[in-house]
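Structure record follows, encoded as structure tokens.
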Amino acid sequence: MSSLRFKVVEEAFDRKAVPVEIPAERPETYYAKAVFNRKKMYEYLPKATYNALITAIEDKQPISRSLADSVAEGMKRWAVDNGARHYTHWFHPLTDGTAEKHDAFIDHDGKGGVVEEFSGKLLVQQEPDASSFPNGGIRNTFEARGYSAWDISSPAFILDGTLCIPTIFISYTGESLDYKTPLLRALNAVDRSATEVARLFDPEVKHVKSFLGWEQEYFLVDEALFSARPDLMLTGRTLMGHESAKNQQLEDHYFGAIPSRVEAFMLDLEIEAHRLGIPVKTRHNEVAPNQFELAPIYEETNLANDHNLLVMTLMAEVARRHNFRVLLHEKPFSGINGSGKHNNWSLGTDKGDMLFAPGKTAMDNLRFLTFTVNVMAAVHRHNALLKASIMSATNSHRLGANEAPPAIISIFLGTQLSHVLDQIENATPEQLATLSAKESKELGLAQIPELMLDNTDRNRTSPFAFTGNRFEFRAVGSSANCACSMIALNAAVADQLTSFHKDVKARMDAGASLKDALLEEIRILVKQSKAIHFDGNGYSDEWKEEAARRGLDCETSAPKIFDAYLAPSSVEMFERTGVFSKVELEARNEVKWEMYTKKVQIEARVLGDLAINHIIPVATRYQSLLVDNVVKLKDLFPGVKGAKVVAHDLDTIEKISEHMDIIKTETDRMIEARKAANRIEDEREKAIAYHDTVIPPMEIIRYHIDKLELMVDNEMWPLPKYRELLFIR
Ligand code: ADP
Ligand code: MG
């Protein structure tokens, strides 16, 4: 019998490797062509409008209605010149991805025709009918409507013939309903507090910027195979599938030659990204088969995050042109590496100094230590919150497995920096005073630059690592909106820097020199936050025990991890920095729990359907073939001989029955657990019920289906197998 699966596999494997067509045009000619950046503003806006807008962007000031009208007119002209017919406010709701509602520029001209128009009012503010975006009850409690408002710090762009205006999305009572609003607030908070501290070293600093360089990992799967896997289509991951005999053991995929079909996709994607002013730069094969990575040159965090969201959209679009589907899920395949999105993060002044980079003088290095140690302190105090910021139903499959950092946040510093901090910690106050007087030489401060050059001992098992001039938050999930981690991190560091500044000032008021005050405060922080520093193997079981002894958060259940957002230390920190009110935090957690439940619920339904409609019938059919065979063989060989001949088949028949029996029983148990969980009103309790009672039977069902996959006739198996899904030709 020829199965549908074989037809699908044939189709997928029939795709010839396409030669990669390299366009003649160089990136300079099309880079940022689809972006209303300063160059286009200068060209399309009246001089006075241009100047006023740039001033408003740089000083983070609101713009007047008349200025908005003038900008809108120029922006529309540019958009129309570039083929756009529609415009949209582009925002980041609390679901995955981005949201947009398109309107044409057209309006009645009063003579039976139309004109294309766009006013400042439409540019600056809109009221999308957004009642179905998740809001955690905010709009029910407060105001029925939300509105979106232009984020002037992020340039408008044209995507598929639509002018997209990056916006924030808030309720009429001012609560944020998106990711961008709190991100901007956190970036302002860190600007304020880090500027204060940076001015201790250089009074001319006006602003501190936060930078983000993301590394996006993803899988590609042939579209035909994807379409034959209902689990991939509906949940983004495979809910069943036995490991392929070869997967990533040889690690021959990592940094290996990129298949030409994939290279053609990558080039196409890069060109699209460059047209949108996204500076993507690095691409390579990742560890798992069919897994790849894309990374841009880092940018200011708000823009970098817009760009990451856009790239995720582009990936999905471009992949389809190449008969691929892109999988952004953190763990599409069991048994092989999942996908993350490292967030490389740093702070730098408006004068161009990077604050986590060692410098040439002892004072530069004291600044470097000041900022680095404050990050340590913030990550220590808020380690549970930072873990909550990267947690989701999908990322929970990746963390804690033997490939990604465990569900414990710690910081890797490397031997050199650790050594310097040890010396500071162990010096007596007298030593510290004399050391700082002697240009801190003995502390190794002057030598830091040379030491840091050798930044080779990177530890891939750390969820948060210092990497020479930045920190790399590696626990972020591949499908996540980076804003989530960037909000928590920037806000926590902002709050820490404010209190550091206050403490240093108090010491100076009491007569201490700046250097002494800094060193003493640095020492206090090093001592206080020691527990977060771990350079060892984060995958080991010993670390889990050690981390618990150190008092780090070791919770592994995603719904309970979200509780960290509502811990008093988090609420107070967010309120002090002006990033979230308590009401917002409560509402957002409702959404987090609800999203968690929905994701697991969908997976449980899909798994139930597949188990009962796809797997059980096929296993039954195969089993009855065997039964037939046994009957015939016994006919042929009666007596003792017959019993011997059919022994293996009988054994298989029995085993199939056992597996099917467990699958059916566990599916019933899973359905009952779902029903019971659905009756729970409280979102948190419901999510916990899904975690504790729905997921365990799902895992058992999968285990037994995967066993059947190895027993049932290959030709009868209904779903493309891992070996087919995972090796692009
Ligand atoms: P690796 O895989 O070795 O970590 P990649 O080159 O893949 O390195 O990615 C590193 C990312 O870090 C890039 O996006 C890069 O632009 C970014 N990056 C480099 N320096 C900084 C910095 N000071 N602040 C933020 N991001 C940075
Ligand atoms: Mg990296």
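Along the sequence shown, the residues carry numbers beginning at 1.
A 4.5 Å side-chain heavy-atom check between R621 and V712 finds every atom pair outside the cut-off. Contact annotation: the side chain of P230 approaches that of H614 to within less than 4.5 Å [non-hydrogen atoms, C-beta and beyond]. Residues L489 and F464 have side chains in contact (heavy-atom distance under 4.5 Å, counting atoms from C-beta outward).
Using modelled atom types and a 3.5 Å distance limit, the side chains of N714 and K721 yield a donor-acceptor pair. Between the side chains of T597 and E683, no donor-acceptor pair is found at a separation under 3.5 Å. Counted by atom type alone, T181 and D178 present one or more donor-acceptor pairs between their side chains at under 3.5 Å. With 3.5 Å as the limit, one finds no donor-acceptor pair spanning the side chains of S478 and E217.
Under 4.0 Å is where a charged nitrogen must lie from a carboxylate oxygen, and between K664 and D668 no such pair does. K7 has no carboxylate O lying under 4.0 Å from a charged side-chain N of E11, or vice versa, which leaves the two without a salt bridge. Remark: D541 engages K544 in a salt bridge, criterion side-chain N to carboxylate O under 4.0 Å. Taking a cutoff of 4.0 Å between a charged side-chain nitrogen and a carboxylate oxygen, K655 and E658 do not qualify as a salt bridge.
To the nearest 0.5 angstrom, E223 atom CD is 12.0 Å from H322 atom NE2. Rounded to the nearest 0.5 angstrom, S485 OG and L385 CG are separated by 11.0 Å.
A side-chain contact (heavy atoms from CB on, under 4.5 Å) with V694 is found for exactly one of N678, V600, I671, namely V600. The residue from F727, F292, F333, Y722 that alone fulfils the ring pair (Phe, Tyr, Trp, His ring centres under 6.0 Å) condition with F219 is F333. Between E603 and the choices R237, K598, R702, the salt bridge (charged side-chain N to carboxylate O under 4.0 Å, His left out) rule is met once, by R237.
A donor-acceptor pair under 3.5 Å links the side-chain atoms of R229 to the main chain of P720, judged by distance alone. Put simply, the side chain of W593 never gets that close to the backbone of K686: no donor and acceptor are under 3.5 Å apart. Not one N or O on the side chain of S148 forms a donor-acceptor pair closer than 3.5 Å with the backbone of F169. Remark: the backbone N or O of L220 is paired with a side-chain donor or acceptor of N290 at under 3.5 angstrom.
Note: F265 and F324 have perpendicular aromatic rings, judged against thresholds of 30 and 60 degrees for the angle between ring planes.
A cation-pi arrangement is not found for R684 relative to F562, the charged atom failing to lie both closer than 6.0 Å to the ring centre and inside a 45° cone about the ring normal.
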